[in-house]
Amino acid sequence: QVQLVESGGRLVQAGGSLRLSCTASGGTFSRFAMGWFRQAPGKERGFVTAINWIGSSTNYADSVKGRFTISRENAKNTVYLQMNKLKPDDTAVYYCAAVQATGWTAPQGGYEYWGQGTQVTVSS
């Protein structure tokens with residue numbers, strides 16, 4: 001069973017930056033593709049970005065392309081989400097997720113394990 005713990009969420013002003021971290025335990029981290037999702041109040045949880053097991057392939061939602069960057073350090077069992085040029089619309093609970101890697105893709109769905117989430121609030 002894989003456990004995921006997110007950290008780094010906080011209140012930030014529009015235009016600012018924030019880095020989220022997600023640390024995994026209970027499995028072989030390098031065997032998993034990792035993703036970040038978010039859920040704003042009153043909305044369904046949606047895909048933000050993903051990275052394949054080795055970090056060679058990434059995938060981004062259109063709304064965050066050019067502003068957010070996903071990366072991973074397999075030696076530290078950690079995946080990161082660097083968020084720049086934050087907007088009030090980015091306000092949400094951000095969730096880290098993991099799925100057994102199949103091939104070289106960074107998938108948008110099918111995730112098996114989820115963290116508890118970390119709150120990001122962007123003030124205008």
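All heavy atoms count here, side chains included; hydrogens, waters and symmetry mates do not. Heads up: numbering here begins at 1 and tracks the sequence.
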| message | Check whether Thr121 reaches the backbone of Leu11 with its side chain - one donor and one acceptor, N or O, closer than 3.5 Å. | response | no
| said: Minimum heavy-atom separation for Ile54 and Asn74, please, with both atom names. | reply: CA-ND2, 4.4 Å
| Glu44 side chain vs Gln39 backbone, donor-acceptor pair below 3.5 Å | no
| field | Least distance between heavy atoms, Gly16 atom then Val12 atom | value | CA-CG2, 4.2 Å
| task | May I have the step-by-step check of salt bridge (Lys or Arg N to Asp or Glu O under 4.0 Å) for Asp90 and Lys87, ending in yes or no? | result | CA-CA 5 Å; Asp90 295 320; Lys87 306 174 182 179; over 6 Å; no
| said: Arg19: which residues meet the salt bridge (charged side-chain N to carboxylate O under 4.0 Å, His left out) condition with it, sequence neighbours left out? | reply: none
| field | Straight-line distance of Glu73 CD to Thr78 OG1, nearest 0.5 Å | value | 7.0 Å
| query | Where the side chain of Thr49 meets the backbone of Asn59, is there a donor-acceptor pair that is under 3.5 Å apart? | reply | yes
| query | When rounded to the nearest 0.5 angstrom, what is the spacing between CG in Leu18 and CD in Gln13? | reply | 12.5 Å
| Heavy-atom closest pair, residues Leu4 and Ala24 | CD2-CB, 3.6 Å
| task | Indicate the atoms forming the closest heavy-atom contact of Arg72 with Gly55, along with that distance. | result | CD-N, 4.0 Å
| message | Suppose clustering is done on Ile, Leu, Val, Met, Phe, Trp and Tyr with side-chain heavy atoms closer than 4.5 Å. Which residues sit in the same group as Phe37? | response | Phe47, Val93, Tyr95, Val99, Tyr111, Trp114
| said: Determine whether a donor-acceptor pair (N or O, by modelled atom type, separation under 3.5 Å) exists between the side chain of Asn84 and the backbone of Ser17. | reply: no
| said: Using only atom types and a distance under 3.5 Å, with no angle test, would you say the side chain of Glu6 pairs donor to acceptor with the backbone of Cys96? | reply: yes
| said: Are Phe68 and Val120 linked, directly or through intermediate hydrophobic residues, by side-chain heavy-atom contacts shorter than 4.5 Å (ILVMFWY only)? | reply: yes
| Least distance between heavy atoms, Pro88 atom then Ser124 atom | CG-CB, 3.9 Å
| message | For Asn77 and Thr23, which I'm curious about, is there any donor-acceptor pair between the side chains at under 3.5 Å? | response | no
| request: With side chain to side chain contact (heavy atoms under 4.5 Å, CB included) as the test, would you mind laying out the steps for Arg45 and Arg38 before giving the verdict? | output: CA-CA 5 Å; Arg45 188 163 57 187; Arg38 67 186 181 185; over 6 Å; no
| query | Is the backbone N or O of Ser57 less than 3.5 Å from a side-chain atom of Asn52, with the two atoms forming a donor-acceptor pair by type? | reply | yes
| query | Mind checking whether Phe32 and Val2 have side chains closer than 4.5 Å, heavy atoms only? | reply | yes
| message | In this structure, would Trp53 and Phe29 fall into the same cluster of hydrophobic residues linked by side-chain contacts under 4.5 Å? | response | no
| query | Do any N or O atoms from the side chain of Arg67 and from the backbone of Lys85 form a donor-acceptor pair under 3.5 angstrom? | reply | yes
| said: Working note: Gln116 + Val5, criterion side chain to side chain contact (heavy atoms under 4.5 Å, CB included); need CA distance, chi angles, decisive distance, verdict. | reply: CA-CA 7 Å; Gln116 294 298 306; Val5 178; over 6 Å; no
| query | With a 4.5 Å limit on heavy-atom distance, are the side chains of Tyr60 and Ile70 in contact? | reply | yes
| Do side-chain atoms of Thr91 reach the backbone of Val122 as a donor and acceptor pair under 3.5 angstrom? | yes
| query | Any chain of hydrophobic side-chain contacts (each under 4.5 Å) joining Trp36 to Tyr80? | reply | no
